[in-house]
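What follows is a single structure, written as structure tokens, with notes after it.
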Amino acid sequence: MASQDWFDKDFYKVLGVSKDASEAELKKTYRKLARQFHPDSNPGDAAAENRFKEISEAYSVLSDKEQRQEYDQVRAMGSGARFTAGGGGQGGGFEDVFGGMFGQQGGGGQRVRFGQGGPGGAGGAGGFEDILGGMFGGGGFGQTSGGYRGFGGPTKGRDVTASTTLDFTTAIAGDTVKLSQGNGRPVNVRIPAGVADGQKIRLRGRGEPSPDGGEAGDLVVAVTVRKHPVFERDGLNLRVDVPVTFPEAALGATIQVPTLGGEPVKLKVAPGTPSGRVLRVKGRGVATKNGTGDLLATVQVAVPSHLSDKQREAVEALAATLPDENPREDILAKARD
């Protein structure tokens with residue numbers, strides 16, 4: 001069941017893609033934006049965190065074929081439906097029609113507003129169904145009426161929202177968690193492998209029952225993922241910083257690199273490897289139904305913070321034998337251009 005705020009949120013605009021964007025284009029754009037606005041890359045930046053959540057929400061809907069189709073239909077209905085309220089020859093909106101019915105002029109005066117309503121509405125207040133039922137003599141929206149009298153079948157139950165916080169490893173591997181619904185009853189929810197921070201999981205038919213015998217609503221679970229002390233997620237890839245000593249970077253070495261939930265793997269560091277070089281381990285990233293990522297190990301040359309007199313003399317002797325060159329010359333020249 002579509003969320004009410006879908007009428008007001010343009011997920012295509014949030015991601016900066018066209019309405020006919022392919023799945024591949026959506027994924028590529030999402031990964032780029034997620035890296036840019038991820039909280040880990042913008043510590044303490046509330047605006048970036050909110051932007052990241054907007055991006056995650058938009059991608060969670062548009063990347064799901066059924067939800068994207070439903071979203072497009074909802075948006076088309078919300079922007080395309082037009083009604084004339086009569087008088088002046090100007091097209092009135094949905095609210096103008098009902099404003100005229102209740103004795104209000106065109107777009108002036110207080111507009112009529114509609115909530116979700118129904119038997120499950122707040123305070124028992126009737127909503128859109130009750131208004132239409134009264135105007136057309138329906139006397140409510142009972143099971144025997146088949147929905148609005150003459151206007152389609154029964155309605156779907158309302159969605160129920162919930163939230164859960166997972167540790168990093170659980171989110172990557174997937175698990176079954178127990179949540180408490182608003183009525184206090186526990187419900188087991190299967191978290192799929194590879195769920196991302198800020199993602200929403202929709203469970204069909206696990207929401208509120210229909211008030212008139214229709215399909216039950218959905219349970220929508222918002223997921224928060226705790227940070228890992230070593231690994232960071234980048235789309236389907238996992239990133240890890242790996243320190244190496246200066247001799248290892250200069251002369252080359254075989255080092256051990258940790259993996260998530262498994263034994264360390266051995267990687268070769270080529271002679272002359274600089275800080276920032278990325279070594280790739282195929283297939284050791286995030287595994288989902290849409291594919292499996294890689295483990296990306298970024299080399300960081302560790303520099304000793306304290307040297308003894310003898311060690312300092314050895315480094316100075318080495319420096320005297322190295323070519324007299326400035327490694328910053330290239331960027332200084334480019335900066336002047």
Exceeds 12 heavy-atom contacts within 6.0 angstrom, atom CD of Glu316: yes
Might you confirm whether atom CD of Gln300 has over 12 heavy atoms from other residues, nucleotides or ligands at distances under 6.0 Å? yes
About how many Å separate CG of Asp218 and CD of Gln67, when rounded to the nearest 0.5 Å? 8.5 Å
Any pair with a residue in residues 243-253 that passes side chain to side chain donor-acceptor pair (under 3.5 Å), sequence neighbours left out, goes on the list, sorted by first then second residue, please. Thr245-Glu248
Would you name the heavy atoms of Gly205 and Ala216 that are closest together and state the gap between them? O-CB, 3.8 Å
Heavy-atom pair with the smallest gap, counting every atom of Gly198 and Ser56: O-CB, 4.0 Å
Contacts of type side-chain contact (heavy atoms from CB on, under 4.5 Å), residue [X], not counting sequence neighbours:
| X | result |
| --- | --- |
| Asn50 | none |
| Pro39 | Glu49, Phe52 |
| Thr292 | Ala287 |
| Gln199 | Ser60, Val195, Ala196 |

[Y] side chain reached by [X] side chain, heavy atoms, under 4.5 Å:
| X | Y | value |
| --- | --- | --- |
| Thr170 | Asp167 | yes |
| Arg206 | Val187 | yes |
| Arg239 | Thr298 | yes |
| Leu260 | Ile172 | yes |
| Arg233 | Val286 | yes |
| Asp64 | Arg202 | no |

Atom pairs and distances, side-chain donor-acceptor, residues 24-37, under 3.5 Å, sequence neighbours left out:
from  : atom 1 : to     : atom 2 : distance (Å)
Thr29 : OG1    : Glu25  : O      : 2.8
Arg35 : NH1    : Asp234 : OD1    : 3.1

Gln311: which residues meet the side-chain hydrogen bond (donor to acceptor under 3.5 Å, both in side chains) condition with it, sequence neighbours left out? Ser308
Going by side-chain hydrogen bond (donor to acceptor under 3.5 Å, both in side chains), name the residues that satisfy it together with Asn188, two or more places apart in sequence or in a different chain. none
Less than 3.5 Å apart, which donor and acceptor atoms pair up between the side chains of residues 319-328 and the rest of the protein, not counting sequence neighbours?
from   : atom 1 : to     : atom 2 : distance (Å)
Thr321 : OG1    : Leu318 : O      : 2.6
Asn326 : OD1    : Arg328 : N      : 2.9
Asn326 : OD1    : Arg328 : NH2    : 3.4

Suppose clustering is done on Ile, Leu, Val, Met, Phe, Trp and Tyr with side-chain heavy atoms closer than 4.5 Å. Which residues sit in the same group as Leu296? Val278
Report, one line per pair, each donor and acceptor closer than 3.5 Å where one atom sits in a side chain of residues 263-277; sequence neighbours left out.
from   : atom 1 : to     : atom 2 : distance (Å)
Thr273 : OG1    : Ala270 : N      : 3.3
Thr273 : OG1    : Ala270 : O      : 2.5
Ser275 : OG     : Val301 : N      : 2.8

Between Lys9 and Glu57, does at least one N-O distance fall below 4.0 Å, as a salt bridge requires? yes
Output yes when Asp197 and Lys53 qualify as a salt bridge under the 4.0 Å nitrogen-oxygen rule, no when they do not. no
If we count only N and O atoms by modelled type, under 3.5 Å, do the side chains of Ser18 and Asp20 hold a donor and an acceptor together? yes
Any residue meeting ring pair (Phe, Tyr, Trp, His ring centres under 6.0 Å) with Tyr12, in chain and number order, not counting sequence neighbours: none
